[in-house]
Q: 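Take this structure first; my questions come after.
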Number of protein chains: 2
Amino acid sequence: MNLEDIAKKAGVSRSTVSRVINDEPHVSEKTRRRVLAIIQREGFSPNHAARALVTQRTNIVSVVVPQTMNIFFGDNSYYPMLLQGMSEAISQRDRAMLLWLQQMNERVEVFIERVLSSRRMVDGFIISSVRSNNPIFDYLINLKTTFVMVERPWRLDEKVNYVTIDNIAAGRMAVKHLIGLGRKRIATITGDMLIADAQDRLAGYKAALVEAGMPVNPDLIFHGYFNAEYGYHGMKYLLQYKPDALFAAGDTTAVGAIKAIREAGLRVPDDIAVIGHDDLDVAAQYNLTTIYHPVQRKGFEAASLLIDMIEGKVTEPRHIILPIHLIVRDTCGADPLWNQNNREVRYEPMPNSPT
Amino acid sequence: MNLEDIAKKAGVSRSTVSRVINDEPHVSEKTRRRVLAIIQREGFSPNHAARALVTQRTNIVSVVVPQTMNIFFGDNSYYPMLLQGMSEAISQRDRAMLLWLQQMNERVEVFIERVLSSRRMVDGFIISSVRSNNPIFDYLINLKTTFVMVERPWRLDEKVNYVTIDNIAAGRMAVKHLIGLGRKRIATITGDMLIADAQDRLAGYKAALVEAGMPVNPDLIFHGYFNAEYGYHGMKYLLQYKPDALFAAGDTTAVGAIKAIREAGLRVPDDIAVIGHDDLDVAAQYNLTTIYHPVQRKGFEAASLLIDMIEGKVTEPRHIILPIHLIVRDTCGADPLWNQNNREVRYEPMPNSPT
DNA sequence: CAATGAACTGGGAGCGCTCCCAATTCTGTG
DNA sequence: CACAGAATTGGGAGCGCTCCCAGTTCATTG
């Protein structure tokens, strides 16, 4: 079943049917209705490949996740939320989403090969969670593909489009809050240091300490990953240095850390205050004080930006930094009324934050 | 850049380049190497649309999730695991995955329209979590599309291909275990009763009671959804009927229920034993006794089956039922050595289970 | 060294659309 | 009622592949 068949049945030409399908002008109302009725009756749907061949547009967008989605131990809702946000924008703009997940034990090069070989079937890429040792970035630039990064790119290339939050400000905000609550020995468990977000959050942690005239003690910094396991082991390690507070670079990390704290017979927040990051589902569940990270919106904005670029609505490189804020719950020891009283204290960009 | 360009550079014809790209015979080793080198050098990748147009194959598979991925309150790793499994099979078979997520507040009809309008760009569909009031099923059959369902279809149509577990056996296994531990008033909180899995697990619950000569008390059955919120409220409601055990149709449901039990000043498992279902990440975290549900493998098998059908390797309808088993942890009150001693007690199909 | 068959190579046709331009029909006006 | 100009309609060309068949080259043998 093709345009010609429909045309024959409607007693018009291929071209007219094409105009009707694409909602173009220059078709009389009468003809349009007749053709539409036949398309409906026959359940006709135009051949995507043929259309893509001539328009050089596929209306498909690739989403690349160079991690297995469940790589993180425990309840990590980050990727589902990100995907949901992207999916929302993509469906609003009437497109489809191709999803590429790195496989367990799949070498990065193999994964990239897989992803890039699909470049002729999509109009652009959204790339998330790129670790610094991942060469996909250079390939995409060399091939002159249209793409948007979620999280800031490793190499700060002004020409690259990305959507992120100000992770430096986030780390700073968390630690400033702990300092304000009188904590003196503030530790941190970082995320994967090959991911820019983790680097920036650590930078924010240090910045807050320096600003408050407090020492940056390497003993209190544990390089981990965004998961509960590393939170648990990281905290076990850190306990020897007697911290009275912890900034965990992820909520699941915080959950793991709290488990270690309790196992050591200490209380949260009395003995050790804890602040997480991201406000994943798990944060509300554990009543975790955390930095709100608009993950879903980040996905939405990234997809919207990519489609704007594809449609030529955006040509200049864009760097979108979404606002964050602190959510005070039970684990930092602050007055629970804090949230209400600090509605206006939200996002303050760092002077030297990426833009 | 197209085949013709490569051909010119290599001093051969379009056809020869095509043969090389598709790894076909009838090309001399010398020519093959030369062409390959040029393809490599130029970074050429064949036009997907043109190829799809002539072969009538896109090598893309649609995955349809008629739920928002994060619709469930809390930490539900079901969909990420399912996707990971599908993705594994799809990438092994050298294909791409188109993901369709229903949007918040998107009407089912609109979603279906969106999904079906993509049917000309994919070779087949994998459909998951279809609720009984979802008409997508009929549309797919009428359009004679190739598709596989994850979870058994609502209308038991022998011709439909699906991959699932034996949910009746699962419910029965859980409840039998509780009965064996001497529990007398076993309650259940069901999943979404518009989903076949939830229906079947309830049927299994009832079957186990009947087999043991115990009454099926409607007061002890709470119709919920697969999430912690309904687990919590469901349990609060059930407490008035003094149950001494609970079979929750999902792990998150169990987690919510446990919260309600503890808030009522009761202990798990001493006062109320709890068994969940699925063995999601959250189950291990909470040391939940549960029924192991091979979610990732289910995704893998579904995708493999679909691709087999597309390739014509499978023509007869297949109904794949994956094995389940009980995982004893802390919430049912059984001897923790149970797992070791019962290695062989695994999956026992119900005589009247769907096949 | 010519004949023969196998191995390799080339190019036309066609997949089902969109785009463009030419042809046709319709409308309103002198 | 003829005619200009606008609105509508039709059909050829071409997007970049694969498939098929015909033509060419090559090695082998009598």
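Hydrogens, waters and symmetry mates are skipped; everything else that's a heavy atom, side chains included, is used.
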Q: Scan A:T55 against the nucleic acid and name what it touches under 4.0 Å (heavy atoms): base, sugar-phosphate only, or nothing.
A: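 Touches sugar-phosphate only.
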Q: Ignoring hydrogens and angles, tell me if any N or O in the side chain of B:H319 forms a donor-acceptor pair with the backbone of B:V160 under 3.5 Å.
A: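 Confirmed, B:H319 side chain pairs with B:V160 backbone.
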Q: Identify whether any heavy atom of B:Q56 sits under 4.0 Å from a base atom; if not, whether one sits that close to sugar-phosphate; answer base, sugar-phosphate or nothing.
A: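 Here B:Q56 touches the backbone only, sparing every base.
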Q: Let me know which of A:V64, A:V65, A:V108 forms a side-chain contact (heavy atoms from CB on, under 4.5 Å) with A:Q102.
A: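 Of A:V64, A:V65, A:V108, side-chain contact (heavy atoms from CB on, under 4.5 Å) with A:Q102 is met by A:V108 alone.
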Q: Heavy atoms under 4.0 Å, any strand shown: does A:T16 hit a base, just sugar-phosphate, or nothing?
A: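 Sugar-phosphate, backbone atoms only, no base.
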Q: Is the phosphate of C:dT9, meaning OP1 or OP2, less than 4.0 Å from a side-chain N or O of B:T31?
A: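 Affirmative; the distance criterion is met.
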Q: It should be established whether A:N22 places a side-chain nitrogen or oxygen under 4.0 Å from OP1 or OP2 of nucleotide C:dT18.
A: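 For A:N22, the contact criterion (side-chain N or O under 4.0 Å from OP1 or OP2 of C:dT18) is met.
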Q: Establish, with yes or no, whether the OP1 or OP2 oxygen of C:dT18 is under 4.0 angstrom from a side-chain nitrogen or oxygen of A:S18.
A: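 Affirmative; the distance criterion is met.
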Q: Work out which heavy atom in A:S62 is nearest to a heavy atom in A:V122; give both atom names and the distance.
A: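 It is OG-CG1, 3.5 Å.
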Q: For A:Q103 and B:S87, test the side chains for any donor-to-acceptor distance below 3.5 angstrom and give the result as yes or no.
A: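 There is such a pair between these side chains.
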Q: Quick check for you: among C:dT18, D:dT9, C:dC19, whose closest atom lies nearest to any side-chain atom of A:S28?
A: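 Output: D:dT9.
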Q: Go through the N and O atoms of the side chain of A:S13 and the base of D:dG11, and report whether any donor-acceptor pair is under 3.5 Å.
A: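 No.
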Q: For nucleotides 21-26 of chain D, print each protein N/O atom paired with a nucleotide N/O atom at under 3.5 Å, atom names and distance only.
A:
none

Q: Among C:dC17, C:dT9, D:dG16, which nucleotide sits nearest the side chain of A:R51?
A: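 Of all the options, the side chain of A:R51 is nearest to C:dC17.
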Q: If you compare all heavy atoms of A:P294 against all heavy atoms of A:I165, which two are closest, and at what distance to 0.1 Å?
A: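 What the structure gives for the nearest pair is CD-CG2, 3.7 Å.
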Q: Looking at B:N22, I want to see if its CG is surrounded by more than 12 non-hydrogen atoms of other residues, nucleotides or ligands under 6.0 Å.
A: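 Enclosed.
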Q: How many Å lie between CG on A:N47 and P on D:dC15, as a whole number?
A: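 Going from A:N47 (CG) to D:dC15 (P), I get 18 Å.
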Q: Considering only heavy atoms and no angle criterion, is a donor-acceptor pair shorter than 3.5 Å present between the side chain of A:R14 and the base of D:dG12?
A: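 Between D:dG12 and A:R14, which were checked side chain against base, a qualifying N/O pair under 3.5 Å is present.
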Q: What is the separation between atom CD1 on B:I39 and atom P on D:dC17, rounded to the nearest whole Å?
A: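 Whole-Å distance recorded here is 10 Å.
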Q: Looking at C:dG16, I'd like to know if its phosphate oxygens (OP1 or OP2) sit under 4.0 Å from a side-chain N or O belonging to A:N2.
A: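 For C:dG16, OP1 or OP2 has a side-chain N or O of A:N2 closer than 4.0 Å.
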Q: Does either side chain, that of A:Y79 or that of A:S129, offer a donor lying less than 3.5 Å from an acceptor on the other one?
A: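 Yes, a side-chain donor-acceptor pair sits under 3.5 Å.
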